[in-house]
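Report on one structure; see the data block that follows.
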Amino acid sequence: QVQLVESGGGLVQTGGSLRLSCAASGDTVAYYANGWFRQAPGKEREGVSCFNPRDGTTFVADSVQERFTISRDKNTVYLQMNNLKPEDTGVYFCATSTWVPTARSMCMNPGDIHYWGHGTQVTVSS
């Protein structure tokens, strides 16, 4: 079992930055795939950025290219978010899976995720 706890969300103005953290506990997650997803009101959950340490691939959604960066340090996964826009508003979820084909497949298939955090709210004001 893996437990994931997100932190770092909040209210920020357009153009601002936030760094989300996801602390993992339980099983060793060093070789598990990690990702960040978000869900805006009335919309489906979408993959923002995912990383697969088994093949070294990283996926970043087109909507956040050159603004968001995923990283990991031991059992904590980060999402650095710069130049935030109102359309980035939503609940951000940390996720991990014991195995995925690629980082892109993880982000494109949220229904196959093994473990989820409870989410942290990000609100970007215009």
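- Note that the OG1 atom of T89 and the CD atom of Q121 stand 7.5 Å from one another [nearest 0.5 Å].
- Counting heavy atoms from C-beta on, the side chains of H114 and T96 never come closer than 4.5 Å.
- When all heavy atoms are compared, the tightest approach of F68 to M81 is CE1-CB, 3.5 Å.
- Taking OG of S25 as the reference point, atom CG of N75 lies at 8.0 Å (rounded to 0.5 Å).
- Pairs engaging residues 103-112 under the side-chain hydrogen bond (donor to acceptor under 3.5 Å, both in side chains) rule: T102-S105 [sequence neighbours left out].
- Remark: W99 pairs with no residue by the ring-ring contact (aromatic ring centres under 6.0 Å, His included) rule, at least two apart or across chains.
- Using a 4.5 Å cut-off on side-chain heavy atoms (C-beta onward), S49 and T58 make contact.
- Judged as a salt bridge (charged side-chain N to carboxylate O under 4.0 Å, His left out), the pairs with a partner in residues 42-56 (not counting sequence neighbours) are, in order, R38-E46.
- Not counting sequence neighbours, the partners of F37 by the ring-ring contact (aromatic ring centres under 6.0 Å, His included) test are W116.
- Without hydrogens or angle criteria, E6 side chain to H118 main chain gives a donor-acceptor distance under 3.5 Å.
- When hydrophobic clusters are built by joining Ile, Leu, Val, Met, Phe, Trp and Tyr residues whose side-chain heavy atoms come closer than 4.5 Å, directly or via intermediates, Y78 is not grouped with V64.
- Scanning all heavy atoms of the two residues, the minimum distance from N52 to A33 falls at OD1-CB, 4.1 Å.
- Linking ILVMFWY side-chain heavy atoms closer than 4.5 Å, directly or via other members, places V48 and V100 in two distinct hydrophobic clusters.
- What you find for A24 and L4 is that their closest heavy atoms are CB-CD2, 3.7 Å.
- Hydrophobic clustering (ILVMFWY, side-chain heavy atoms < 4.5 Å, transitive): Y32 and F51 are in distinct clusters.
- In this structure, the side chains of P86 and T14 come closer than 4.5 Å at one or more pairs of heavy atoms.
- Residue pairs meeting the salt bridge (charged side-chain N to carboxylate O under 4.0 Å, His left out) criterion with at least one member in residues 62-87, sequence neighbours excluded: R67-D88.
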Could you walk me through whether M106 and F59 pass the side chain to side chain contact (heavy atoms under 4.5 Å, CB included) check?
CA-CA 9 Å; M106 180 181 186; F59 172 84; over 6 Å; no

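- The main-chain N or O of V60 is found under 3.5 Å from a side-chain atom of Q65 such that the two form a donor-acceptor pair.
- Between A23 and T76, the shortest heavy-atom distance links the atoms CA-OG1, 4.3 Å.
- Both Y92 and V77 are assigned to one and the same hydrophobic cluster, defined by single-linkage of ILVMFWY side chains at heavy-atom distances under 4.5 Å.
- Considering only residues two or more places apart in sequence or on other chains, S21 meets the side chain to side chain donor-acceptor pair (under 3.5 Å) condition with none of them.
- Shortest non-hydrogen contact noted between W36 and L20 is CH2-CB, 3.6 Å.
- The cluster map of Ile, Leu, Val, Met, Phe, Trp and Tyr, joined by side-chain heavy atoms under 4.5 Å apart, puts V122 and L79 in the same cluster.
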